[in-house]
Amino acid sequence: MKKLVIIPAYNEQGGIEKTVQDVLKYAPDFDYVIINDCSVDDTLEVCRKNNFHVINLPVNLGIGGSVQTGYVYAWRNGYDIAVQFDGDGQHNAAYLNVLADKLIKENLDMVIGSRYIKKEGFQSSGIRRLGIRYFTALIRLITGKKITDPTSGMRMAGRDVIEIYAKNYPRDYPEPESVVTILKEGKKVEEAPVQMNARTEGISSISPRKSVYYMIKVSLAILIAAIRG
């Protein structure tokens, strides 16, 4: 099967090299592509220096647009599996084959890497965990499905979901909304326990000041996605 790691990157000059090396070491049977979202630091230069596989966006599309670019690439190039993978060192490539085995053996459409099944590794801040529990409850209320880590950026999709996301993917804070979209499509989604790392480079796009906006915006987006479904 053709398997692709999608690595969205915005100002990840300090972490992108380590991220790719992690994928090459622990998941050598996966291809990878970096989506450089018009970074203003030296991310592109680091990629070119190391001959990394990179798509360089001429304008900044945000996380949703860069991830969707990866899904379009996966769809057009015939990949059976595509997995989102952060470029800042938070995700561990050692789990990629675990997720792929679960996706294939259980005939799933998506597998989400969850920090909160075994509760090992970096668990995020207390405030963010409260927000995650809120979205878990909201998604369960709307879809009937419990997703313990709905904001996880480590999610692996099969061919059907690749097509859906290549055609339409949320632009802003997309993870919870995109999960609701495919659940309402009747796709089979499960989680698998993973360990994640604390961010070592860069700054999170969700600052304390933006947290209220994030909660309101994503809640409304989830409700709209549920109505459309």
Side-chain angles (χ1 to χ4, degrees), residues 6 8-12 35 37-40 57 59-71 84-88 90-91 109-117 119 122-157 161 164-187 189-191 194 196-199 201-229:
I6 300 168
Y10 177 68
N11 294 346
E12 300 291 1
I35 312 298
D37 192 21
C38 199
S39 297
V40 296
L57 300 179
V59 296
N60 180 265
L61 297 182
I63 183 63
S66 58
V67 169
Q68 185 177 16
T69 300
Y71 280 116
Q84 297 167 225
F85 197 82
D86 286 356
D88 57 11
Q90 292 192 77
H91 295 162
D109 296 297
M110 175 177 279
V111 178
I112 299 172
S114 174
R115 295 160 281 186
Y116 305 119
I117 295 176
K119 297 183 179 180
F122 179 65
Q123 297 289 292
S124 192
S125 67
I127 293 176
R128 289 200 177 188
R129 288 199 299 273
L130 285 174
I132 288 167
R133 284 198 287 269
Y134 162 76
F135 286 124
T136 293
L138 181 60
I139 291 172
R140 188 172 189 176
L141 177 66
I142 290 171
T143 68
K145 181 69 176 179
K146 182 179 180 180
I147 304 294
T148 65
D149 201 351
T151 67
S152 171
M154 189 177 187
R155 61 260 301 275
M156 183 173 288
V161 174
I164 291 170
Y165 286 165
K167 292 177 178 177
N168 185 32
Y169 196 79
R171 288 288 184 265
D172 195 18
Y173 310 126
E175 287 84 5
E177 180 184 351
S178 62
V179 171
V180 171
T181 297
I182 61 168
L183 285 171
K184 297 300 285 187
E185 289 270 355
K187 302 302 180 183
V189 180
E190 297 293 343
E191 294 181 289
V194 300
M196 295 187 186
N197 309 310
R199 176 190 288 269
E201 301 285 345
I203 300 172
S204 173
S205 61
I206 306 174
S207 64
R209 184 176 296 179
K210 292 182 179 179
S211 295
V212 174
Y213 166 76
Y214 171 80
M215 296 292 288
I216 295 172
K217 190 272 176 190
V218 175
S219 296
L220 291 173
I222 288 174
L223 293 172
I224 292 170
I227 292 170
R228 286 176 179 172

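From a predicted model like this one, the values you see are computed outputs, not experimental measurements.
Ring geometry for Tyr169 against Tyr71 counts as tilted: the plane angle lies between 30° and 60°, on a 0 to 90° scale.
Panel note: side chain Asn11, backbone Ser39; no donor-acceptor pair is recorded below 3.5 Å. A donor-acceptor pair under 3.5 Å links the side-chain atoms of Asp37 to the main chain of Leu61, judged by distance alone.
Atom CG of Asp149 is separated from atom CE of Met196 by 5.5 Å, given to the nearest 0.5 angstrom. For the atom pair CZ of Arg171 and CD of Gln68, the computed distance is 4.5 Å after rounding to the nearest 0.5 Å. Atom OH in Tyr116 sits 11.0 Å away from atom CD in Glu191 (nearest 0.5 Å). Atom CD1 in Ile35 sits 10.0 Å away from atom CD1 in Ile63 (nearest 0.5 Å). Atoms CD1 and OG1, from Ile139 and Thr148 in turn, are 10.5 Å apart once rounded to the nearest 0.5 Å. Atoms CE and CZ, on Met154 and Arg115 in that order, are 11.5 Å from each other to the nearest 0.5 Å.
Scanning both residues, Ser152 and Gly113, for their nearest heavy atoms gives OG-O, 2.7 Å. Here the closest heavy-atom approach between residue Gln90 and residue Ala198 is recorded as CG-C, 4.4 Å. Contact between Ile222 and Pro176 at its shortest, heavy atoms only, is CD1-CB, 3.7 Å. Across all non-hydrogen atoms, the minimal contact from Gly153 to His91 is C-CE1, 3.4 Å. Considering every non-hydrogen atom in both Arg155 and Ser178, the closest pair reads NH1-OG, 3.0 Å. When all heavy atoms of Ile6 and Gly70 are compared, the pair lying nearest together is CD1-C, 3.4 Å.
At a threshold of 4.5 Å between non-hydrogen side-chain atoms, the residues Ser66 and Leu57 count as touching. You'll find the side chain of Val218 stays beyond 4.5 Å of the side chain of Glu177, heavy atoms only.
With salt bridges taken as basic N to acidic carboxylate O contacts below 4.0 Å, one links Lys145 and Glu190.
Under the rule for a side-chain contact (heavy atoms from CB on, under 4.5 Å), the partners of Asp109 that lie at least two apart in sequence or sit in another chain are Asp160, Val161, Lys187, Lys188. Residues satisfying the ring-ring contact (aromatic ring centres under 6.0 Å, His included) test with Tyr10, not counting sequence neighbours, are none.
Around NZ of Lys167, the count of heavy atoms belonging to other residues, nucleotides or ligands within 6.0 Å does not exceed 12.
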Q: Given side-chain contact (heavy atoms from CB on, under 4.5 Å), test Ile182 with Tyr165 step by step and report yes or no.
A: CA-CA 9 Å; Ile182 61 168; Tyr165 286 165; 3.6 Å; yes
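With hydrogens and angles left out, the side-chain atoms of Ser219 and Tyr134 include a donor and acceptor closer than 3.5 Å.
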